[in-house]
Amino acid sequence: MNGRTYPLLHKCMIVMALFGAGLAAPAASALDGQLATGVVRFSLDTGEPARVAGLAAALEGESADYLRARWLLSSGQKEKAREVFRGVFAGTTHRGEAALALAEMALHDADAAGAEKWYQQARQTGYGEVVQKALLGLAEQARNQGKTDAAGQYLARMDDGYWAAVGYMNLAADFARDDVNASRGLVALRVAMAMAAKDQAPERSRALLDQLNLRAGYLALGDEQYDKAIDFLERVSLDSYHTPQALYLHGLALSEKGNHRAAMQSWHRAKKFPLAFPGVADAWIGMGRGYDLSGYAGQAGESWLAANAAYESERVTLGSLAKRIREQGAYKTLVQDARNNDLQWFLADSRTLTQPRLAYLMRFMEAPDAQNAVRRVAQLDEMLAVLDENKANLTVFIQALERVLHSSRKETRDTEKSELIRQQASLEARLDQLLAKAPASVQGAALDRLQETLSVSGDRLAALTQRIARQPERLNSILREASAVRDSTEGLQQRALTLRQQAARELDAQALAFVEGQSRRMTHALDKTEQQIAHLYEYLALENLGEGTP
């Protein structure tokens, strides 16, 4: 979030924390300590920190400060979070996690020296995945400074798995950019594949392997190693985000080998995906080119005309998308509606990769700025939902207090107190009579014990009457506090709503710019097919002239 939104969110979270630590504290304290820690950790990991504001403030145990620091960071209180993380690092538990968080905060602040220092601390004090992330961070620091050898040394110390694979993939990108041939880049990608294959999370491993094979295929294709490129690209799964581009490159490699029929089969499969995905628009053009190179000029012309119609239709679709974003907002249009079964808008075939709206959402979310913009709106929606829930709970609580106060008015209390005192006096008088008549025997001893019990009961009755006398004052104090918190909640709702509107406008601007860029891409593809058609007509005209020459 930007600097303008932090202060208000900070205030929102502070009041929510006070509410949670105050009125909601009895419910929170009823939770077992370990369960409370797990609830806070789950909410932080799933991006819902607002729901555990009070619980996070009241945590106890060895993980309390670390989780509280994470909550402060997620709620925008960056400097407070930094201070608490430093305190955690100075302690005995979660030192590695705290150092890693401080490194990431320094990196966000463009403090390269601070980031390197804390990555080194995380590497030395952490365990398991914390160490792997720290080593990857150090490798990225070295890579960004052009020190590829130092980056490779850090990566060599990492355990096999996802994080090492990401490091080698990034290193391969540098080699591909700087080297004349693809040798070092392909070696780095092969190492990354070996690392990714040993990742313990199968879905994450498969997604990364698809990306690695696509990159390796692209590098091999550019290096004119067509068989190697085909081998890499055929390993990309057929239900991946990278599938359309892999199919296009696969067809390109086959075409370069002269196998135009097989190339056209790959391009035909790529055409089934929405034009939002990379490689699909090129596959439409490739089909015409394949027919042309195979000697079928008529079919080539028909294919390019079909591509033209597809691009024109996509431009209309993008225009409708832009109109809907302006009318309903990008968050509803791209995010919320993509979860629903509203298939009539684009007449989509399914809700998987073949749905154009979901395809554009995935393409839009490739940009980190877009991810942040969507996250801001989602978090503010979550905050508004929590505030609405808290306000409703406070309203019910206030109504219950008012009913209790009404039922405990002075007349009722005085009547009940007088009745209790009268019953106590009657019991004491009757016991005195029994004691006067009872002989000094076991029965008399029993009556003595009963008298002692009745005396204790009288003392408790006296204390109870004092508490009853103070009850209205205490209830009124709680009622005033609850009313003040409800009023604060209403103010926070207005502030959060204002911030949500601002975040939605920023998201709309980014989404519209993205849609306009996609429309320009379709226009460029349309120009290319029109050029191909013009060249084809020119060729056919020359052929006809040649046939008419004696």
Side-chain angles (χ1 to χ4, degrees), residues 1 6 9-10 12-13 16-17 20-21 24 27-28 31-78 80-82 84-85 87-89 91 93-105 107-108 118-119 122 125-134 136-137 159 161-163 165-166 199-208 335 339 365 368 370-387 389-390:
M1 296 184 182
Y6 272 152
L9 290 181
H10 183 176
C12 290
M13 288 299 186
M16 291 173 68
L31 288 173
D32 177 78
Q34 186 176 359
L35 177 59
T37 299
V39 169
V40 173
R41 190 184 297 275
F42 177 80
S43 295
L44 291 172
D45 289 343
T46 54
E48 296 183 346
R51 293 193 174 275
V52 292
L55 197 58
L59 276 181
E60 296 180 358
E62 62 180 16
S63 299
D65 287 340
Y66 170 67
L67 292 176
R68 197 170 295 116
R70 285 186 58 191
W71 182 85
L72 288 168
L73 182 61
S74 65
S75 63
Q77 303 176 62
K78 211 170 157 186
K80 286 188 176 182
R82 196 192 310 272
V84 178
F85 274 130
V88 172
F89 179 74
T93 58
H94 295 286
R95 297 188 67 206
E97 292 96 326
L100 186 62
L102 288 166
E104 291 171 351
M105 293 173 71
L107 196 63
H108 185 268
W118 286 113
Y119 276 133
T125 58
Y127 301 93
E129 194 168 85
V130 171
V131 177
Q132 303 309 306
K133 289 182 178 180
L136 177 60
D159 297 336
Y162 177 80
W163 299 108
V166 170
D199 186 27
Q200 298 301 313
E203 291 185 4
R204 184 173 69 174
S205 172
R206 181 68 264 171
L208 184 57
V335 181
R339 305 170 184 165
M365 294 295 284
Q371 296 173 23
N372 292 332
V374 171
R375 187 181 298 114
R376 277 197 298 269
V377 176
Q379 288 176 340
L380 286 165
D381 279 350
E382 174 66 19
M383 183 177 294
L384 284 168
V386 172
L387 288 171
E389 181 181 345
N390 287 346

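- W71 contributes a side-chain N or O that, together with a main-chain N or O of P49, makes up a donor-acceptor pair within less than 3.5 Å.
- Judged by distance alone, with hydrogens and angles left aside, the side-chain atoms of T93 form a donor-acceptor pair with the main-chain N or O of E62 at under 3.5 Å.
- Shortest non-hydrogen contact noted between E97 and V130 is CG-CG2, 3.9 Å.
- The shortest non-hydrogen separation linking M365 to V374 is SD-CG2, 3.7 Å.
- Residues D65 and V84 approach most closely at O-CG1, 3.4 Å, considering heavy atoms.
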Self-check item: side-chain contact (heavy atoms from CB on, under 4.5 Å) between Y127 and R95, worked out
Solution: CA-CA 10 Å; Y127 301 93; R95 297 188 67 206; over 6 Å; no
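- Using cut-offs of 30° and 60° on the angle between ring planes, the pair F89 and W118 is perpendicular.
- Of all heavy-atom pairs spanning A165 and L208, the tightest one is CB-CD2, 3.5 Å.
- No donor-acceptor pair closer than 3.5 Å links the side chain of S205 to the backbone N or O of A201.
- For the pair S63 and R41, the tightest heavy-atom approach, listed with the atom from each and the gap, is OG-NH2, 3.8 Å.
- Between the side chains of T46 and E48, no donor-acceptor pair of N or O atoms lies under 3.5 Å.
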Self-check item: Residues D45, R70; criterion salt bridge (charged side-chain N to carboxylate O under 4.0 Å, His left out); working and verdict
Solution: CA-CA 10 Å; D45 289 343; R70 285 186 58 191; 2.7 Å; yes
